[in-house]
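Below: one structure, written as structure tokens.
Counting starts at 1 for both ligands and their atoms, following the listed order.
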Amino acid sequence: MESGMEEIPVKVAVRIRPLLSKEVLHNHQVCVRLVPNTQQIIIGKDRVFTFDFVFGKNSTQEEVYTVCIKPLLVSLTEGYNATVFAYGQTGSGKTYTIGGGHIASVSEDEKGIIPRAIQELFQHISENHDIDFHVKVSYIEVYKEELRDLLELETSVKELHIREDEKGNTGRISALKSGVLDFSCVLKLFLPSLEIAYSLLILEKKLNFQNIN
Ligand SMILES: Nc1ncnc2c1ncn2[C@@H]1O[C@H](COP(=O)(O)OP(=O)(O)OP(=O)(O)O)[C@@H](O)[C@H]1O
């Protein structure tokens with residue numbers, strides 16, 4: 001781990017997506033570029049911004065996952081909480097990057113963060129028989145300040161809330177959380193859900209250290 005990494009609880013990555021064919025057709029121009037060998041982008045002619053990670057238009061799903069998410073997955077398996085969310089204007093590539101749309105049908109290379117993280121989590125679980133893991137999944141859409149349970153679409157938005165627990169931690173969401181045993185169980189849960197504009201996946205696990213010598 002890089003020195004000082006523990007002290008920064010929030011990291012921000014920026015990903016530039018390539019122009020879509022229809023944008024090329026309409027002669028749209030790219031207005032943002034990377035500064036080579038830095039973590040900076042330039043918007044327009046000279047507005048420079050620095051981020052924790054920057055990814056250019058040729059960046060792959062694997063690269064984004066490996067650089068930004070894999071370290072969080074490792075921390076998660078060590079008992080830390082981790083949250084990843086995609087933010088950006090419509091059409092900027094949130095769903096593509098987070099991997100929330102058509103999760104079961106995209107090619108291996110195109111898979112986004114969610115399927116990669118789930119796969120790796122279960123891989124870790126299968127390699128650690130001496131630890132008792134319980135994995136539950138919530139899949140919710142946050143749109144215009146309202147929450148929707150994408151695993152239980154008929155649940156009223158009024159029944160879903162983000163709450164603080166007694167220690168002041170936010171994130172307790174009263175959405176359905178199904179216990180899942182492996183990657184295919186998660187895929188089955190995701191299949192009926194809609195493609196979403198903004199998604200948040202919370203993987204909760206409980207570690208039982210009693211079996212560790
Ligand atoms: N890195 C990328 N490489 C190739 N295509 C991409 C990339 N990012 C996004 N796209 C494509 O750009 C289009 C818009 O992306 P996406 O649907 O992910 O945007 P969004 O931010 O989720 O939009 P909305 O908020 O409207 O749902 C899609 O056709 C998607 O396949």
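- Using a 4.0 Å cut-off to heavy atoms of Pro18, the atoms of ligand 1 that qualify are 1 (N), 2 (C), 3 (N), 4 (C).
- By the 4.0 Å heavy-atom criterion, Arg15 is counted among the residues contacting ligand 1.
- Each of Ile131, Asp132, Ile125 was scored for a side chain to side chain contact (heavy atoms under 4.5 Å, CB included) with Asn128, with one residue passing: Ile131.
- Of all the atoms in ligand 1, the ones that sit under 4.0 Å from a non-hydrogen atom of Gln89 are 21 (O).
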Subject >> salt bridge (Lys or Arg N to Asp or Glu O under 4.0 Å) between Glu23 and Arg17, intermediate numbers included >> reply: CA-CA 12 Å; Glu23 292 167 333; Arg17 74 152 167 79; 2.9 Å; yes

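- The nearest non-hydrogen atom to atom 24 (P) of ligand 1, considering only Leu20, Thr90, Asn58, Val64, comes from Thr90.
- A heavy-atom separation below 4.0 Å is not found between Gly88 and ligand 1.
- A single hydrophobic cluster is not seen to contain both Leu19 and Leu25; linkage of ILVMFWY side chains at heavy-atom distances under 4.5 Å, directly or through other members, places them apart.
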Subject >> Verdict with supporting geometry, Tyr96 and Glu110, side-chain contact (heavy atoms from CB on, under 4.5 Å) >> reply: CA-CA 8 Å; Tyr96 180 86; Glu110 294 276 296; 3.1 Å; yes

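- By heavy-atom distance, the residue among Lys94, Glu110, Arg17 lying nearest atom 9 (C) of ligand 1 is Arg17.
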Original post:
Which is it for Phe133 and His124 under the side-chain contact (heavy atoms from CB on, under 4.5 Å) test, yes or no, and what are the steps along the way?
Top reply: CA-CA 10 Å; Phe133 286 91; His124 177 87; 3.7 Å; yes

